[in-house]
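Beneath this line is the structure, given in structure tokens, with notes to follow.
For the single chain, residues carry numbers from 1 onward in sequence order. All ligand and atom numbering here is 1-based and tracks the order in the structure. Both backbone and side-chain heavy atoms feed into the values below; hydrogens, waters and symmetry mates do not. Predicted model only: the values in this text are computed from it and were never measured.
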Amino acid sequence: MSAVAANVRFSHRLVGESPAIQRLREQIPKIALSRSPVLLLGETGSGKEVVARTIYEANPAGNFVPIDCGSLVGTLMESELFGHAKGSFTGAGESKKGLIELANGGTAFFDEIGDLPLDLQVKLLRVLQEREYRPVGSLVRHKVDLRVVAATHRNLAKEVERGNFREDLYYRLNVIRLVVPPLRERKEDIPLLIEYFLQQLDASQAPTPELTRALSEYDWPGNVRELYNCIQRMVAVSSGPYLHTGDLPTAVRNHGVAAQMGARRLAVAAGAGAASSAAVPPPEPAILTLAELERRHVRYVLQYAKGDRTLAAHLLGIGRTTLYRKIKEYGLAE
Ligand SMILES: Nc1ncnc2c1ncn2[C@@H]1O[C@H](COP(=O)(O)OP(=O)(O)OP(=O)(O)O)[C@@H](O)[C@H]1O
Ligand SMILES: [Mg+2]
């Protein structure tokens, strides 16, 4: 198995206007200028890799090399990381460069650094301290100049206490420390993320305000990744120009119902009658302009009609000339 983390499908824009994301965005240009190690902390799916790539892209030098420490297991892991000399072990017919060499002059992103086996932790420490390493089976030390960005969802200090992580490496890595908060602590970013994912997925559907509200109320234990997966699934299974609450996966939908019932009970207990929505102010729904809604609807009907413009015009109740004009105006021609 390769230790290069699977490529993320689309661009790595750090979306969000919550104070936490704004602050990260403000800090990044300055951090990008230094070569000090960065430690990114945050729950799974919260966007640590997006932040790592944003740091790199703010001052791109060399390659950005993601290294999935969780998959660095087995006998070939050291050679995967540091390369090997010709004939150094059975099967090593040719010499091979490791991931560290690929990252020379650039950035090595150690994803899930907490999973790095102890013997490789020692070797990584040497890279950080002495800026050199030795490929497997080679007597020659190689100089290397790279920036290390490491991420983990674990509490590394606790892992140090438990003896799973080397204290010296922890202090070496813990120079610039950034925390990516879980999505439930920045729910105001959810509508922006929904809009961004729909664009990335080239979806023709628009979310109803109720859906945006339901998605914004959910706690997202799997964070932004779970939100993305949810949107992707809804886009794939829903038909019609809108995504609505009926398309939601059961876990999210049930949560919404439970939350509403809870709010109603609270409101009743407080003697506030039916003013359940006053208990929890709903987040701002993503409002589309009429033109954007029309663009999406025309695109949806064209897809539905499998490109048959006569049929599409008929379904839309407009003339073919009008349809042609709209296709041109909205840039919908294939
Ligand atoms: N702020 C954001 N803006 C846009 N997309 C985001 C943002 N945060 C996360 N994503 C998207 O959510 C998904 C998960 O993000 P990412 O891989 O960076 O999380 P992670 O913290 O590295 O997760 P893990 O701990 O599981 O490795 C990716 O598809 C990423 O593109
Ligand atoms: Mg990751």
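Ring geometry, Phe64 versus Phe109: the interplanar angle falls under 30°, so the pair is classed parallel (tilted spans 30 to 60°). Under the 30°/60° scheme for interplanar angles, the aromatic rings of Tyr300 and Tyr304 are found to be tilted.
Under a 4.0 angstrom heavy-atom cut-off, Ser46 registers as being in contact with ligand 1.
Every N/O-N/O distance between Tyr228 and ligand 1 stays at or above 3.5 Å.
Each of the following atoms of ligand 1 lies closer than 4.0 Å to a heavy atom of Val15: 1 (N), 2 (C), 3 (N), 4 (C). Of all the atoms in ligand 1, the ones that sit under 4.0 Å from a non-hydrogen atom of Leu14 are 1 (N), 3 (N).
Residue-level proximity to ligand 1 for His153 is absent, since no heavy atom of it falls below 4.0 angstrom. The part of Leu193 lying near ligand 1 is the side chain, judged by heavy-atom distances below 4.0 Å. With a 4.0 Å cut-off on non-hydrogen atoms, Tyr196 touches ligand 1 through its side chain and not its backbone.
Sorted by first then second residue, the ring pair (Phe, Tyr, Trp, His ring centres under 6.0 Å) pairs that include residues 148-189, not counting sequence neighbours, number zero.
Between the choices Gly45, Gly222, Pro182, the shortest heavy-atom distance to atom 24 (P) of ligand 1 belongs to Gly45. Around atom 19 (O) of ligand 1, the closest heavy atom drawn from Gly47, Ala52, Pro66 belongs to Gly47.
Between the side chains of Tyr133 and Glu101, at least one donor-acceptor pair of N or O atoms lies under 3.5 Å.
The distance from atom CZ of Arg166 to atom CG of Asp119, rounded to the nearest 0.5 Å, is 10.5 Å.
Between the side chain of Gln121 and the backbone N or O of Leu169 there is no donor-acceptor pair closer than 3.5 Å.
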